[in-house]
Amino acid sequence: MRITTAVLLALAPIPAASIPVAANAASACRTVSAKVAMTASGPADQRVAGTLCLPRGHAATAQLLIPGGFYGQAYWRMRGDRQRPSYVETMTTAGYATLAIDRLGTGASSYPPSARFGQDTHQIVIRQLIRQLREGRLGGGRFAKVVLVGHSLGSTLARTVAAAHPAEVDGVILTGESSVPNEAAFEQMGTGIYRAADDPRFAGRGLDDGYLTTRPGLRATWFYHRPNADFRVIAADEAAKTTDVFPPGDSYTPPSINKHIQAPVLIVNGEHDKLLAGARSSSAALHAQEGPFYSSRAKLETILVPGTGHVLNGHRTAPRWFAQAREWADRRVGGTAR
């Protein structure tokens with residue numbers, strides 16, 4: 001089976017345990033189940049599971065958190081530094097609402113036959129969730145602003161939606177993705193991906209051959225810079241793995257579309273991300289590489305996190321970029337709770 005870049009990507013610098021945890025006392029979280037359609041004109045016969053966390057007071061801005069390939073909403077509650085807050089906790093403490101989701105075919109969301117997934121199903125679902133957040137249909141009132149925050153595949157989906165529908169997005173945070181993926185690495189990593197039905201964890205669930213998952217050990221090898229990751233975090237990550245579906249015709253969206261993004265953009269990558277082949281020496285080098293693909297309206301900013309691999313949230317360095325992303329959101333988007 002040939003696995004391409006689509007699997008995970010499809011899977012000027014800013015100043016300066018992967019175990020799901022409960023939100024802190026400054027926020028209240030509730031599970032949500034959003035009805036969604038898989039096509040633009042189809043019935044809303046599927047459900048996306050998520051967790052909506054609200055800060056004290058009323059937040060005008062919600063961050064929609066989109067995980068990467070073979071990850072679910074728990075990614076955004078990971079603590080790479082087991083003594084420090086997760087991404088969700090960081091942002092809710094800062095006054096932002098967060099909605100972390102399981103994409104269709106992952107986690108607690110619906111598992112439709114893989115043949116029902118179209119090339120743009122994931123993007124269509126994200127747009128429905130944006131609308132439901134703005135209309136107050138998921139709880140917590142109406143949100144005037146929505147920021148898309150993605151990791152890997154989630155980043156590809158976030159910038160695709162932001163480019164195709166710029167009026168619907170107020171900010172974009174892209175992590176674990178760049179304009180220069182390492183195609184050779186993706187090909188090699190593909191040998192560690194197989195049918196979910198062949199994995200003991202998912203056997204017996206009746207998933208068809210379009211559902212895939214990672215072989216044991218793949219995450220530690222490809223997603224982490226081990227000198228800066230807690231082995232307990234990696235083990236918990238492995239235990240929390242999920243399935244995924246990559247629709248026929250779905251692909252890594254080329255960076256040429258990025259010129260259409262009108263909202264502020266922040267890109268965050270790890271110095272030791274094996275799946276990226278481009279600039280990984282400094283935030284300035286990353287900015288020089290990515291800048292030509294964006295218009296001035298994007299006000300592009302970049303962060304290169306030292307000592308970090310592909311799964312940024314699972315490294316001890318995670319609190320560093322969380323704090324920088326919080327500062328960026330305050331400055332570029334605003335709308336914290338009052």
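Note that the structure is predicted; figures quoted are calculated from it, not measured.
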**OP:** For R103, check side chain to side chain donor-acceptor pair (under 3.5 Å) against everything at least two apart and list the hits.
**Re:** D244
Original post:
Any ring-ring contact (aromatic ring centres under 6.0 Å, His included) pairs touching residues 37-57, not counting sequence neighbours?
Top reply: none
**OP:** Sequence neighbours left out, what passes ring-ring contact (aromatic ring centres under 6.0 Å, His included) with Y294? Give chain and number order.
**Re:** none
Original post:
Considering residues at least two apart in sequence or located in another chain, which fulfil the salt bridge (Lys or Arg N to Asp or Glu O under 4.0 Å) criterion with R116?
Top reply: D45
Subject >> Under 3.5 Å side-chain donor-acceptor pair for H310 and S152 >> reply: yes
Subject >> Test salt bridge (Lys or Arg N to Asp or Glu O under 4.0 Å) applied to R332 - qualifying residues, sequence neighbours left out >> reply: E301
Subject >> Partners meeting side chain to side chain donor-acceptor pair (under 3.5 Å) with D102 (sequence neighbours left out) >> reply: Q73
**OP:** Specify whether Y71 and F223 have parallel, tilted or perpendicular ring planes, treating 30° as the upper limit for parallel and 60° as the lower limit for perpendicular.
**Re:** tilted
**OP:** Give the ring-plane orientation class for F70 versus F246, where under 30° counts as parallel, over 60° as perpendicular and anything between as tilted.
**Re:** perpendicular
Original post:
Which pairs with one or both residues in residues 146-157 pass salt bridge (charged side-chain N to carboxylate O under 4.0 Å, His left out), sequence neighbours excluded?
Top reply: none
Original post:
What salt bridge (charged side-chain N to carboxylate O under 4.0 Å, His left out) pairs are there with at least one residue in residues 121-135, not counting sequence neighbours?
Top reply: R127-E168, R134-D170, E135-R137
**OP:** Just jot down the side chain to side chain donor-acceptor pair (under 3.5 Å) partners of T98, sequence neighbours excluded, or say none.
**Re:** none
Subject >> Contacts of Q262 that satisfy side chain to side chain donor-acceptor pair (under 3.5 Å) - sequence neighbours left out >> reply: R297
Original post:
Do S109 and R47 have side-chain atoms, one donor and one acceptor, less than 3.5 Å apart?
Top reply: no
Original post:
Any donor-acceptor pair under 3.5 Å linking the side chain of Q128 with the backbone of I124?
Top reply: yes
Subject >> Distance flag, aromatic centroids of H122 and F117, threshold under 6.0 Å >> reply: yes
Original post:
What pairs of residues pass the salt bridge (charged side-chain N to carboxylate O under 4.0 Å, His left out) test when at least one of them lies in residues 60-69, not counting sequence neighbours?
Top reply: none
Subject >> Residues which pass salt bridge (Lys or Arg N to Asp or Glu O under 4.0 Å) with D330, listed by chain and number, not counting sequence neighbours >> reply: none
